[in-house]
Each structure stands twice: as C-alpha cells, then as structure tokens.
Amino acid sequence: CCHDPPVLTDTATVQTVLDVCGVFVFALSGALVAVRAGLDLLGLLVLAWVAGLGGGIVRDLFLGITPPVAVSDWRLLAAAVLAALLVFLLHGTWQRAADDAVGGRRRLVSRAVRLLDAAGLALFAVSGALVALANDAGPLAATLIGGITAVGGGLLRDLLAGRVPEVLQRELYALPALAGAALVVLLDRLGVLSTVTVWAAVLLVFAIRVLAVALDLNAPRALRSRDR
Amino acid sequence: CCHDPPVLTDTATVQTVLDVCGVFVFALSGALVAVRAGLDLLGLLVLAWVAGLGGGIVRDLFLGITPPVAVSDWRLLAAAVLAALLVFLLHGTWQRAADDAVGGRRRLVSRAVRLLDAAGLALFAVSGALVALANDAGPLAATLIGGITAVGGGLLRDLLAGRVPEVLQRELYALPALAGAALVVLLDRLGVLSTVTVWAAVLLVFAIRVLAVALDLNAPRALRSRDR
Amino acid sequence: CCHDPPVLTDTATVQTVLDVCGVFVFALSGALVAVRAGLDLLGLLVLAWVAGLGGGIVRDLFLGITPPVAVSDWRLLAAAVLAALLVFLLHGTWQRAADDAVGGRRRLVSRAVRLLDAAGLALFAVSGALVALANDAGPLAATLIGGITAVGGGLLRDLLAGRVPEVLQRELYALPALAGAALVVLLDRLGVLSTVTVWAAVLLVFAIRVLAVALDLNAPRALRSRDR
C-alpha cells in the first residue's frame, strides 16, 4: 500500500519515517489554526489533512503520480488524524495552562509548534526534491517542486481558513525550502546523494529556518503603497 | 464525447443522469452565492461552473483522467450554465416573493436548496468512489476521493467567493460523503455492486445529510481559543 | 529544457516569445498586488510566480503534462523573477511620481498595467487553446482550457492575496478569453491555423478586452439580494 517511489534503497524506510513525521507536524499546525478559527472536529480533521498532506498532493499532481500518496497511504492519513485528535483533546488543557501562566506557557507551546513546523518544512523540501528526481524531473523542476511541497500545505491551510498565507506575509519561509531542495539536486548531480547527505540537508534547512524565526529575519520589503 | 469510464454496463446511463443532476444542483448553489455577493452574470457562470464541476475536476486530476470530464463533456457544462441562467432570471422573482412572505417563502427556497445540495453530495460521493474504483484506486483512495469529489465543488465555490468554506464551519458535511464512498468500496469488495445497491448508497447518504440538517446536528467543537 | 509541445513548426519560436511575454506581464500584476498588500520581497516573488505561471500550471495539469512547464522551463521562471525585481526596485519611484502628479501619472501606470494584462490574457487564451489542441483535447475542452489558462493566474493571485478574484467581480474578463480560444479551435477545424491567423486571434482578444476596459463594459448583473 506504500506508493513512495524508491529513491535510495537504504533510505526508503528513513524517508517514510520522515514523511510521516512531516505530515504529523504540519497537521498539528492545521488543527491549531482550525481551533483558533472556532471550527468543529470535522473542520479540525479537514484542516489537519490539508495542511499535512496538501504539499504532497500538489507534488504528486505536478509529477503525474496518481492517485496522490496522500489519499492512498494510510500511514500518512493516520498521522494527520492523530494530530487532529491530539489537538482536539488537549486544546482545553493548553488553554488553561496559558491562562494560568499569563502568556509564559503559551509562548512555549507556540515556540514548540514553530520548531516542529521548521522540521516539517525541512523534511518536505528534501523529500519533495528526492521524489521529483526519482520521477525524472530536471534540476530546476526538482528544486521548485521541493519548495512547493514544503510550502504548499501551510498555504492551503491558510487559504481555507481565510487568512493571507503566512508564506507571503512576514518571514523567510520559502527561501530555506528552495535552498534545501536545490542542495539535494546538487548532491544528486555530484553523485554524493546518501543517507548522511540527505540528513545533512534536512538539518541545514531546519537550522536556517529556526535561525530566521529566532532572529526575526525578514526579507526586504518594498515601500508600502499609500494609495489604497 | 462522453468520457465517463464505464463502471457497471447497466448503470452507465443512470450514473450520467445522476452526474448531470449533481452538477446542476451544485451549480445552483454556486450561482446563488454569486448573486448574494453582488457578482455579475459572468461571475454567476464562473461560480456555478466551479461549484458544479470543481469536485469532479479534482477527482479527475487525482485519478490522472486528462482532460477532466468537466471541460470535455458538454452535458455537464450545459447543466452548470442552465443553473446559472435560471438563478439569474428568477432571482428577482424569488427576492420579491421573499419580501412579500416575510421570510416564509424564502425559507422554503433555502430549504429546497439544502435538499438539492444534500442530493448532490450523495450523488457525487457515490459516483466519485465508483470512478476511482474503475481507475484502479485502492479502497482508502476510493473512499477519500469519493469524499473529496462530493465536498470539493462547494469548497472551491466558497474560496472564490471569499468565505470560509461551509464544510469547515458548522455542520456534519464531509462525514456522510465519506461514509457513502466507504459503503461503495465495501459493496465492491463484497461483490454486490449493482444498480440497486448503488442507489441505496445514494439514498443513505442523502438521508443522513438531510437528518443532520433537520436536527441541526454538528460535530463536537473544541473550546474556542479566547486569545485571538 | 523547453517542454512546449510543437504546435506549428513555424510559430514555435513565436509562441515561446509570446508565452514569456505573457508570463512577464501577469507577473508584473502579481508583484504590484503584493506591494500594495505590504508583502516582502519573497511575497512579491511568490505572487509574481503564481500570477505569471498559475494559468499555465492548471493548463498542464488538465492536459496531463507533468511536470508543468512552469517549473521546468527556466525562461518562464526568469520572466516572472525579472518582473518581481523590477516592481520591487521601481515601486518607490512610481510612488513618488504618483504623489507629484496628483493621480495623473499613477493613472498612466495603472492604464499601462491594464493594457499589458489584456495582452497577457490574449496571449494565454490563444496559446492555451493551441497547447490543448496539440495534446488531443476536443473542441470544447480546448476552448475551456484556453479560457482557464488566460484567467487562472490572476484568479490564483487574488485568492492568495485575500481578494475576491477580479474575474468574478466587475468586468468582462473571461468572455474575451473564451472567445479567443474558441476562435483558435474554429481556425483549427477550418484548417487555416497559421502564424498570421494565430496573431490575428491574439489581436482580436486584446482589442475586445481593451475596449471593455475603455468603455467600462460590464456583464449584466442580477438584482442584488438585500437579505445579507
């Protein structure tokens, strides 16, 4: 039942583990956005599914992999559902903790989510590029598809929840993803794609993204138009 | 010119009829949303087309059916256009009737739309799962694709009209669709897929959805966060 | 690296030139929308990419062309990036000019953008229909895919920026695109598809659209519902 194309025989298992983790992490973010928007349990499940699996669906459509893994691999679905249920059950507790701690513990939760989100971004950027290369995409296509896989889920999540997507809004978000995907393509070109280098790419993207959040680094902004 | 994959030789005609009805019904809802948002005739046509055919387009993309039936089968297009024109021509009349009846007749119209919408949901959930099975999707994929086919049009309609999609918002909407698609997969597994059982599945989804609306049943909701 | 299917041997180069121009023009519009929404440089790049290449991506997905040209042809990417950088660098200048001229020069810029947008619409409608025909789409599918290719980028741009898509909102926008695509299909049927007739179709769509803007022609609107 697993449709993941075998990329590196020795990393196929690792990649599946990372994919499931990435889905789980992004699904958590989708469920949290749903709770904050006052949606019910099904809204939670839908937003968790979209956020966790949306990027992979776009990737698979771009690569002609039908049906997308997101609807055929039960492990990915289970990860998304688990994340939604966890948020549903635990949100009240988090809320109370936040009320007690006057922002202290809430900031902790919010920071944890951002770390997990950075991990998901890193995992999906790398795995997106790997899947694209395994499906005969060129270097440019593999880089862009890696970036889209990493960014897509959060973007669809924000669209459905009626928010301007965060990827467009404030922080260095797409750039680390594109850099990670480009690195995978480079490693492939150099013939040094291995379990170790793949993991190194994941860690690099993760580190850049965490640094960007920690230092509140943003890309330069054009003068805002006053005529609207 | 009809690209519907033949599922059951004896129900191919029935399925086409139901598909056209489903498109018509969802297109009506799209056109009504467009009128209420103050859009012009082309906006009506676009929203009617998206609402009526959006779910089928996603289904076809997920299954690798290109081009999607929604752009190649003129009967589906005609159903959507007819629905848009009907709403365009009759909306003034409905409006006056509503003004006269102080809500009475308007509620009647609104209820009729919901009934038709439930019928569309049921038809698309079942036909989505059937098409997926006929294109060699596995049980999980067929269930999810059935649900997505049923829910997709309304979701795209609400996105385009700038509303938080109703499927996320208030009522048991996705669940009956998923249940209907799962039932079709089960019938297929048991080898008892026939005209009669397909129709029974459609009726079951319709009944569940109508009941959910009538009793105002909603899925449980997490505590709303007060920190936003 | 160019995945454009060869339609007419003698117009393949012309078509590529036009495609690049269309991407550039739509990307300009996406970047301008991003600046006005206060987005940073990456937001500009993403919105420029989506607006410039979104229509082509949908076209390629509808036709089963994977990966979409938008992620595999560097020239299209370069056109979008160039447009975003131009807007980023020049926006301050335009802004000052607008402030000085009390609306005069700004209106000039805005008019230029609309002219370019009309050109993009015309180019994409015609090239969308040509690509669809070259990929064995039927007449109806080729017409609709041409229209969707022309309209899709702007629609995705507005969705991402949180605006109700302009195509739904005020003006004759989709109709000239559909007419141009239908004309291409007709020319193909009549066996008179050539460089000259293709260009004539582009010019016709452009002229209709410019006229619609100049005369502020809108499609008829249904009575607005007062019950919202």
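Remark: the backbone N or O of B:V192 is paired with a side-chain donor or acceptor of B:T197 at under 3.5 angstrom. No donor-acceptor pair closer than 3.5 Å links the side chain of B:N135 to the backbone N or O of B:L63.
Interface remark: A:I57 contributes side-chain atoms only to the contact with chain B (heavy atom separation under 4.5 Å). For B:L175, the parts sitting under 4.5 Å from any heavy atom of chain A are the backbone and the side chain alike. Contacts of A:L61 with chain B are made by side-chain atoms alone, with heavy-atom separations under 4.5 Å and no backbone atom involved. For A:A70, the part lying under 4.5 angstrom from a heavy atom of chain B is the backbone only.
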Inset, instruction - Determine, step by step, whether A:L144 and A:L140 satisfy the side chain to side chain contact (heavy atoms under 4.5 Å, CB included) criterion, reporting the C-alpha distance in whole Å, the side-chain angles of both residues, the deciding distance to 0.1 Å, and the verdict. - result: CA-CA 6 Å; A:L144 287 173; A:L140 179 64; 4.1 Å; yes
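For the pair A:F124/A:V23, a side-chain contact is recorded, criterion being any heavy-atom separation below 4.5 Å from C-beta on.
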